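First comes the structure, then the notes that go with it.
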Amino acid sequence: VVPRILEVAGVPLRTGYVEAVATWPELERRGHGSAVMAEIDEIIKADYELGTLGTDAFPFYERLGWVRWRGPTSVRTKDGDVRTPNEDGYVMVLRTPSTPAELDLHAPISCEWRSGDVW
Ligand SMILES: CC(C)(COP(=O)(O)OP(=O)(O)OC[C@H]1O[C@@H](n2cnc3c(N)ncnc32)[C@H](O)[C@@H]1OP(=O)(O)O)[C@@H](O)C(=O)NCCC(=O)NCCS
């Protein structure tokens, strides 16, 4: 769980960003991924305003309460916000007790720049 600042419609949110979830192929579908995510979700709900991750494994995360982000994605750079259209539709979020009640899944969302994959 990587601490990041994501902005939703320009409002910064302390975000727990989940990276590199994988089960060894021969051991898939035995509950290991769900067990790991249950622990991760508890960390995010205790410490962050929002959980976020990038994936195409939507059904796996939807069972666990994650929802797909519907708004446009961008990265914040020193030259301003740059759209990341290839990420649109592949970002999911987990609400926590600290998530603003008015969170709009269709709003623009942005992450801070970093080397490698920005999302
Ligand atoms: C996605 C992944 C982490 C799931 O791990 P896992 O240990 O197999 O997960 P679980 O055994 O806890 O799966 C529980 C349920 O999630 C769902 N599920 C799991 N993998 C799924 C997939 N690839 N597609 C759709 N549903 C899936 C199923 O409903 C499954 O229940 P079932 O086996 O009774 O049908 C694993 O398939 C994986 O490593 N995939 C490759 C990497 C990846 O896509 N990572 C996520 C992107 S960040």
Side-chain angles (χ1 to χ4, degrees):
V1 180
V2 179
R4 304 188 74 182
I5 301 294
L6 266 57
E7 290 187 7
V8 173
V11 176
L13 295 177
R14 273 187 308 106
T15 300
Y17 195 85
V18 180
E19 302 270 23
V21 175
T23 296
W24 193 259
E26 286 83 355
L27 299 177
E28 282 180 312
R29 309 303 276 257
R30 298 187 194 179
H32 296 308
S34 299
V36 165
M37 284 307 302
E39 295 288 332
I40 287 173
D41 289 1
E42 289 308 309
I43 292 169
I44 290 172
K45 286 176 177 171
D47 295 344
Y48 295 95
E49 292 176 284
L50 190 68
T52 308
L53 55 79
T55 190
D56 60 3
F58 308 121
F60 172 69
Y61 293 106
E62 283 167 346
R63 299 160 42 252
L64 302 167
W66 291 72
V67 293
R68 291 176 71 175
W69 195 265
R70 302 295 178 178
T73 62
S74 301
V75 58
R76 302 189 301 277
T77 76
K78 59 179 169 44
D79 299 321
D81 289 5
V82 176
R83 285 273 287 119
T84 50
N86 291 344
E87 306 297 333
D88 290 1
Y90 293 100
V91 171
M92 298 187 81
V93 299
L94 181 72
R95 289 184 172 89
T96 80
S98 310
T99 302
E102 66 276 14
L103 186 78
D104 176 6
L105 299 178
H106 294 265
I109 193 168
S110 69
C111 61
E112 75 277 44
W113 185 87
R114 64 179 181 183
S115 59
D117 290 336
V118 294
W119 281 102

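Whatever order the structure lists them in is the order used to number ligands and atoms, beginning at 1. All of these numbers come straight from a predicted model, not from anything done at the bench.
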Would the distance check show the side chain of T84 and the main-chain N or O of T73 forming a donor-acceptor pair, the cut-off being under 3.5 Å?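 Such a contact is found between T84 side chain and T73 backbone.
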Under the 3.5 angstrom rule, does the side chain of E7 hit a backbone N or O of S110 as a donor-acceptor pair?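 The answer is no, because no donor-acceptor pair under 3.5 Å joins these two groups.
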At a 4.0 angstrom heavy-atom cut-off, what protein residues surround ligand 1?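 Ligand 1 is contacted, at a heavy-atom distance under 4.0 Å, by V21, A22, T23, E28, R29, R30, G31, H32, G33, S34, G54, T55, P59, F60, Y61, R63.
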Between L6, L53, L105, which is the residue that forms a side-chain contact (heavy atoms from CB on, under 4.5 Å) with V93?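 Of the listed residues L6, L53, L105, the side-chain contact (heavy atoms from CB on, under 4.5 Å) partner of V93 is L105.
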Go through the side-chain N and O atoms of R63 and S34 and say whether any donor and acceptor fall under 3.5 Å apart.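 Per modelled atom types, R63 and S34 side chains form a pair under 3.5 Å.
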Less than 3.5 Å apart, any donor N or O on the side chain of N86 or W119 sitting next to an acceptor on the other?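 No, W119 and N86 have no side-chain donor paired with an acceptor closer than 3.5 Å.
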Run the numbers on Y61 and V21 for side chain to side chain contact (heavy atoms under 4.5 Å, CB included), then give the verdict. CA-CA 11 Å; Y61 293 106; V21 175; 3.4 Å; yes
